[in-house]
Amino acid sequence: MHHYSQPVQSGDVSSGNVHGIRATGVSKRFNSVDALSPVDITIARGEVVTLLGPSGCGKTTLLRMIAGLERPTSGTITIDGDSPESASRRKRFGLVPQSPALLPWRTVEANARLLQDINVGANPSSLPDVVELLDRVGLADFRDAYPHELSGGMQQRVGLVRAFALDAPYLLMDEPFAALDEITRADMRHLLATLSEPTNTGVLFVTHSLAEAVYLSDRVVVLSSRPGGVVGTVAVDLARPRVPQLEDDPAFFAIETTLRRLLYSGASAS
Amino acid sequence: MNRWRDSAALWATIGTIALLAIWEAFVRIRNVRKFVLLPPSEIASTFLETPGFYIDNIWVTARHLVIGLAIALIVSLTFGALLAAVRPLEHASQPLLVLILVTPWVAYISSIVLWLGRGTPSILFLVSFVTVPAFVYATVGGMRGADPAARELFASIDASRWEVLWRLRLPSALPSLFTAARFNVGLGLAAAYFAEGAALSTDGLGEAGRRAVAFNEGSILWTTILCTAALGILGQVAVLMLERWLLRWHASQRRTTR
Ligand SMILES: Nc1ncnc2c1ncn2[C@@H]1O[C@H](COP(=O)(O)OP(=O)(O)OP(=O)(O)O)[C@@H](O)[C@H]1O
Ligand SMILES: [Mg+2]
């Protein structure tokens, strides 16, 4: 475990900056399957970085390695200079999985509190008010409901609140809206944008949706098909706060088109 | 409009009355011997002659059943949690569990009595022993079946083994544990009845039944049998009510609208 914290000194002192999530030359191989070619990626606090890539290119794998749920085959990952394992021990990640993964025996409020209730020793001194967060995502009236009484979109909103309630410096989101219909999806990205707006949180967001990528991100990293490698990185310099009208802006389309071209070139490359 | 058609209690009552009527009529018309089958009316009158005797024995057997099941549950949860965490151990324990399931108690009860002595210890041992496998399977299966995405969520903030067990795995195992409990109430009751008769105990429904057979008392035997059945139904209802309350979040407890 300890060799994870060592590369920090050699790799990052030269750049003079160990802050943020830094993945350097990270690759993954499962038995005989090359899931991910070596990639470099950084996410600073207060920055939203999106991973865009064809299905099976290793996006989930990369996210899971950053969260300390999987070991890289090669390369190093540091979180504010720390190993992923140590970062998860200190509750540095708010994870939003693809399925909401709500516990059916907990009410909405208890589910939203789940990450606060576990590994309590690592909680920050003050935690966000879950009730207030639920109110902000429009679930105030459903605090005592059980997950099976909610729609898919509402369940995913609870999943968002659960991650935000941790007040972690980094949010890792793996296609949280993939199972939702187009309209709910658009609502959800607006909601996510407002939720994360005033914070100093670094967000790694995985998606298949170009609109989602442009709307939410500061930077989009496009991966090629399996084994994924970085095809290109596109900066999204649209004004913040992001508002729904932005999606009609020509600049928005222009970035979307750039991303689509990159995505398709990466998909046909291998 | 469909209210009366959907009333489960109403139909269960009608079914019970019909069953008793057919039973009574069958025994009277065919003139069945007392020892083979007793009509419900005579069971009722036999019971009312000495209600204290039957209620005392129901109480004794109920205690054997509940304590035996509680021991089995504690053993199974501890053992099951261990097996769910260590796969080789699960494989290694299969022969033992299967052996307990398939070996007839009749075959080894005398050895148990010889080992643990007559009465309560042997009875409790048998009840727990035979109900452990179903509880263990339910624990292991339920704990393994915990939502993988939820497990990753727990791992992402380094939840301790204990937290994963208590907050995720155990609740995930509750539905299958209740299914096993319903099965085990019947199995445990049969084991308690049998062991009471065979362990040279001085009371309990099984012992009352054994004596009735020895003294050729058909009406006492059948009244004891029905008391045992009543205890079984009571046990099932108790499990069901506990399940309703503890699993109110679960799909099986959802009211479907038609
Ligand atoms: N635990 C595992 N064991 C073996 N192979 C795996 C495992 N996890 C992922 N893979 C393989 O690694 C590759 C990348 O998987 P990954 O889930 O990271 O893709 P993805 O980019 O998230 O795809 P999608 O967009 O469909 O979710 C796939 O070929 C997959 O089969
Ligand atoms: Mg994925």
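Here is how names work: the chains are called A, B, and so on, in the same order as the sequence lines, proteins then strands, and each is numbered from 1. Please read these numbers as outputs of a predicted model, since none were measured by experiment. Side chains are part of it too, since the values below use all heavy atoms of this structure and drop only hydrogens, waters and symmetry mates.
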Is [X] close to chain B through its backbone or its side chain, or both, or neither, when contacts mean heavy atoms under 4.5 Å?
{"X": "A/L166", "answer": "side chain"}
{"X": "A/R64", "answer": "side chain"}
{"X": "A/R90", "answer": "neither"}

With rounding to the nearest 0.5 angstrom, report the [atom1] to [atom2] distance, [X] to [Y].
{"X": "B/R151", "Y": "A/L69", "atom1": "CZ", "atom2": "CG", "value": "12.0 Å"}
{"X": "A/L102", "Y": "B/D147", "atom1": "CG", "atom2": "CG", "value": "9.0 Å"}
{"X": "B/L174", "Y": "A/W105", "atom1": "CG", "atom2": "CH2", "value": "8.5 Å"}
{"X": "B/E152", "Y": "A/E70", "atom1": "CD", "atom2": "CD", "value": "8.0 Å"}

Locate the shortest heavy-atom distance separating [X] from [Y]; write the atom from each residue and the value.
{"X": "A/L103", "Y": "B/A150", "result": "CD2-CB, 3.9 Å"}
{"X": "B/W249", "Y": "A/P104", "result": "CB-O, 3.0 Å"}
{"X": "A/A101", "Y": "B/L153", "result": "O-CD2, 4.3 Å"}

With a 6.0 Å cut-off (strictly less than), is the heavy-atom count around [atom1] of [X], excluding the residue itself, greater than 12?
{"X": "A/F142", "atom1": "CZ", "result": "no"}
{"X": "A/R29", "atom1": "CZ", "result": "yes"}
{"X": "B/F183", "atom1": "CZ", "result": "no"}

Of the listed A/V96, A/L114, A/N119, A/T107, the one with the largest count of heavy-atom pairs under 4.5 Å with chain B is A/N119
Do B/R248 and A/Y146 have side-chain heavy atoms sitting under 4.5 Å apart? yes
Write out, in numerical order, the residues from residues 154-168 of chain B with a heavy atom short of 4.5 Å from a heavy atom in chain A. B/F154, B/A155, B/S156, B/I157, B/D158, B/A159, B/E163, B/R167, B/L168
